[in-house]
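Each remark here refers to the structure printed beneath this line.
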Amino acid sequence: GIENFASVAFPTTAPSDLRIHLGSGWTQTNFSVLGYSSNGTNATTTSFTPDWKFDTIRIWAQNASGNGDNVAVNINGGATLSTVSNNALNTSIFSVDVTCPLGQNTINLVPANSGSGKNFTLIGIEAFDSTNYQVRVTNYGLGGRLAGSLAATNGSNQLGDLITAYAPDLSIVEIGLNDAIGAVSIPSFVASMQTVITNCKASGDVILVTGHPVTSVLGTLPNYNAALKALAFANGCGFIDLFKDWGSLETTGSALGYY
């Protein structure tokens, strides 16, 4: 099994997953790619206890252009297995593999606290048994993002940088609702989505999913969904039409006071 340890595991208050302990001095980042950053002065240990056996720990982080920090990785409070630094002079997303004896253990990340202005930005942790085949399922969806956010790959923590770093075998992309709300032009939407598709297909297959029905854009969202359908067929992608399947629920759900 693989467990993603990213923003989806952290509400804005305390983690809801009891396997995760977020140390003090870690705050949610304001980057386009959400994660948590240590404060560089008095951050305490963050830990994750998967409920399966593993022998490999993969730390996902983001470089901090010379303002990074180090975290020491150990299991169960024992000796340091590896020290991970995010102090490279670029803002790329990267991963580091740390090996350990096979077993069910608690992974601890201990910040070095190198000083004010220094931080370690953690995007995720994966723990797995390297001797078995794995299926990684990760949710990197962020509310309010446009197709242009998915297309951006400028090395500054955009969602597109995650696509490049993560190199998924299958990308399932639901997009278009926020573009409709923001009245992004269809040509701009299509251009951004073509970039997204091209980037995703560099490592695997793609399924495009239409935006679900929302009252405020019932009149315009179908235009974006039609563009997605055309892009799916033009690029040999899978296509799921949520709008078509859920359209009648918008009126029913609103009438019942669900939203």
Side-chain angles (χ1 to χ4, degrees), residues 3-50 54 56-100 105-127 138-140 142-145 149 152-166:
E3 178 71 12
N4 176 250
F5 185 77
S7 59
V8 292
F10 291 120
T12 54
T13 54
S16 57
D17 189 332
L18 297 180
R19 296 172 299 181
I20 298 167
H21 170 74
L22 183 66
S24 62
W26 292 78
T27 56
Q28 195 169 29
T29 70
N30 294 319
F31 299 129
S32 298
V33 173
L34 291 181
Y36 274 75
S37 289
S38 62
N39 62 14
T41 54
N42 60 355
T44 60
T45 300
T46 282
S47 62
F48 172 42
T49 307
F54 58 89
T56 304
I57 305 162
R58 180 166 294 158
I59 309 294
W60 287 90
Q62 178 262 328
N63 277 319
S65 296
N67 294 316
D69 203 353
N70 302 327
V71 293
V73 183
N74 72 59
I75 55 173
N76 306 324
T80 297
L81 299 174
S82 180
T83 299
V84 181
S85 172
N86 69 327
N87 204 38
L89 295 175
N90 61 65
T91 52
S92 62
I93 294 165
F94 69 97
S95 64
V96 173
D97 283 0
V98 179
T99 59
C100 63
N105 301 293
T106 294
I107 302 164
N108 296 307
L109 302 185
V110 185
N113 292 318
S114 300
S116 179
K118 305 289 186 178
N119 61 78
F120 186 90
T121 301
L122 174 67
I123 294 175
I125 298 175
E126 295 174 349
T138 304
N139 179 7
Y140 280 124
L142 295 175
R145 293 326 192 257
S149 303
T153 55
N154 57 11
S156 60
N157 310 301
Q158 299 293 334
L159 286 173
D161 294 316
L162 268 177
I163 295 173
T164 301
Y166 202 71

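Atoms considered below: every heavy atom in the structure, side chains included; atoms not considered: hydrogens, waters and symmetry mates. Quick caveat, the model's predicted, so the values are computed rather than measured.
- Considering every non-hydrogen atom in both T41 and S116, the closest pair reads CG2-N, 3.5 Å.
- From T46, atom OG1 reaches atom CD1 of I20 across 9.5 Å, with rounding to the nearest 0.5 Å.
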Stepwise, does the side chain to side chain contact (heavy atoms under 4.5 Å, CB included) test hold for V96 with V73?
-> CA-CA 11 Å; V96 173; V73 183; over 6 Å; no
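- At least one donor-acceptor pair under 3.5 Å links the side chain of N86 to the backbone N or O of N119.
- Rounded to the nearest 0.5 angstrom, L162 CG and I123 CD1 are separated by 5.5 Å.
- Neither side chain, N108 nor T106, offers a donor N or O lying under 3.5 Å from an acceptor on the other.
- Listed by first and then second residue, the salt bridge (charged side-chain N to carboxylate O under 4.0 Å, His left out) pairs involving residues 65-82 amount to none (not counting sequence neighbours).
- Formation of a donor-acceptor pair under 3.5 Å by the N105 side chain with backbone atoms of N76 is not found in this model.
- Here the CD1-CD distance, from I59 to E126, works out to 9.5 Å after rounding to the nearest 0.5 Å.
- The aromatic rings of F120 and W26 sit perpendicular, their planes meeting at an angle over 60°, well past the 30° parallel limit.
- The CG atom of L122 sits 9.5 Å away from atom OG of S38, with the distance rounded to the nearest 0.5 Å.
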I would like to know whether I57 and F48 meet side chain to side chain contact (heavy atoms under 4.5 Å, CB included); could you show each step before the answer?
-> CA-CA 11 Å; I57 305 162; F48 172 42; over 6 Å; no
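- We find the SG-CD1 distance between C100 and I75 to be 4.5 Å, quoted to the nearest 0.5 Å.
- Residue H21 holds its NE2 atom at 7.5 Å from OG1 of T45, rounded to the nearest 0.5 Å.
- With no hydrogens or angles considered, no side-chain donor-acceptor pair links N74 and T80 at under 3.5 Å.
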